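Side-chain atoms are counted along with the backbone in the values below, which use heavy atoms only and exclude waters and symmetry mates. FYI, the numbering just counts along the sequence from 1. Quick caveat: nothing in here was measured; it's all calculated off a predicted structure. Both counts, for ligands and for their atoms, begin at 1 and track the order of listing.
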Amino acid sequence: MYAEEVAEMAGRIRDEDIALVRERTSIAEVISDTVTLKSAGGGNLKGLCPFHDEKSPSFNVSPARNVWYCFGCGAGGDAIKFLMDAEHLSFVESVERLAARANLQLRYVEDDRSAPRARPQQGQRQRLVAAHAAAVEFYRAQLTTAGARPAREFLARRGFDRAAAERYGCGFAPDAWDLLTKHLRQQGFTHDELVTAGLSRPSRSGSLIDRFRRRLMWPIREITGDVIGFGARKLFDDDDGPKYLNTPETPIYKKSHVLYGIDQAKREIAKQGKVVVVEGYTDVMACHLAGVPTAVATCGTAFGADHISVLRRVLFDSDERAGEIIFTFDGDAAGQKAALRAFEDDQRFVGRTFIAVSPDNMDPCDLRLAKGDLAVRDLVARREPLVDFALRHMINRFDLDTVDGRVEAMRRAAPLVAKIKDREKRPEYVRKLAGDLGMEIEPVQRAVLAAANGQPAGVATAPARPAPAAPTVDSPHSMVEREALKLALQEPVLAGPMFDAVEAAEYRHPVHVAVRAAIAAAGGAATAAGGAVWIEQVRDACDDLAGQALVGELAVEPLRIDGEPDPRYVSITMARLQWGSVTGRIKDLKSKIQRINPVSNKDEYFALFGELLSLEQHARALREQAAGGL
Ligand SMILES: [Zn+2]
């Protein structure tokens, strides 16, 4: 859907302004909002790719060239493309977001075919975020009214003063049917926008009413700080709703990704290399105020795989640097279940996952109230490795005083030890398990080995998907190369960043290789302003005579698209260009995997297999992108 939007709207911001936004934007800062970046040498930065799952960082950012590129999945581009991909914004929304960040006023081209607009049409996302920003102010002001007394008392009883309430933007949804709705309608938000945002809903009579009433409100922010939803706590006994109500799924609020407090915690999480996962809004506040600034919470859902991906990127969790994730639980069964599920979700995380079970079944908020800030910091400091916690939890379910009980406990616990990825730690846990069970080491060791060997069979025998046919090195690929070069020469402002981000190795025709090299030698297409000067610069930078002639030819040859090129056409062309090498890499990987013994080299086998799956996924995405609507 957004492709059409891009095509339709791309012309409305002036080219000079788009270029200025690129120039004034620090790509490292924009990407650092969501991905923790480290030095990669030579002035470049690297991090874990947000677009594919990986263990070691292959996501590269070049601040000097203002581009990013992932060697793992081939995604790449400029800051605008990053926001489009990472936050699912349209081209125009991305440019608007970056312009606001850089304090730039955008000018829009008036479309000849339509009447000039009173104001630029904003993207949907921006409208929904603006509606939430207005709602935060509304609820905040309500918190000081007489009717909000129970809300203020609730906060005070939990140890939060006015400054704390303000820091987290706490508010109050008043006892009225449509006060917020009317307020936001007056500010120009439409019926549809308020429903889509999850702030209002139609009543049975058909009129629009507020979603939240008579509740204490917490704004939920995404990692960049934008408010995208609310958590609302019940305050009155005659309120028959659930204790906590959250914003429903909307185009901007996805509960499987949202982590409350991440906007305030992200810098400390990256700095300390650890994150503390708690269960509620008040627990996040209590932890931060008690000196545990790395706390976050899920919102109305269990901690899952998507949350792990978000955190791993902030933690910079990789083989080189281990990030630590600490779950706090108040010791009840639900919390323990959630911890054990982490075992299933992401094996790579297991060795770095810790559990902190609070004494007397108190959550961090209660603990802070009863015993002070130090007790909260102690709770986190006294964490226990997940493996230890899981083993203890597992064997406690059996009667270890009987032989049958001990054998059954061993059989159930052995697969947990077999799952520990860090194999050097396995003997240690075999000994520990044997000790806890009161058994000899040998039978426990045999049980763990059996569990470990039983595992790869299912994966090793999985049928490999048929390889997509690789294109031959003939004219179709050369035509794509030619088209990409034309875009770089004729439309550098539009196509430059995406063009520069695709490696020179994707070009095969020798003369095309020469022109691609000349474009790089002239400083790259992303920095070019275009026009005759740019064509001359490339021609001057070209050593190859045939190449020089081709530059002149490509500068005037019409693009193979009816009408004006747009970001979508650029991305289709660049996807087609990379198709051949991705399928080539798939072929190489498959042959490598066939030569590996999956039993004796299990870790390498799984690593390559994972790489193959993600490459195949990337190939499918590229194929769809390349076929997209032309
Ligand atoms: Zn990637």
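For His257, the ring-ring contact (aromatic ring centres under 6.0 Å, His included) criterion is met by no residue, not counting sequence neighbours. Applying the ring-ring contact (aromatic ring centres under 6.0 Å, His included) rule to His52 yields no partners; only residues at least two apart in sequence or on another chain are considered. Applying the ring-ring contact (aromatic ring centres under 6.0 Å, His included) criterion to Tyr253, with sequence neighbours excluded, gives no partner residue.
Of the options Asp33, Thr25, Val21, a side chain to side chain contact (heavy atoms under 4.5 Å, CB included) to Arg101 is made by Asp33 and by none of the others.
The closest side-chain heavy-atom distance from Asp17 to Leu104 is not below 4.5 Å.
In this structure, Phe51 and Phe82 have perpendicular ring planes: the angle between them is above 60°, well past the 30° mark.
Excluding waters, the protein N/O/S atoms found under 2.8 Å from the Zn ion (ligand 1) are Cys49 SG, His52 ND1, Cys70 SG, Cys73 SG.
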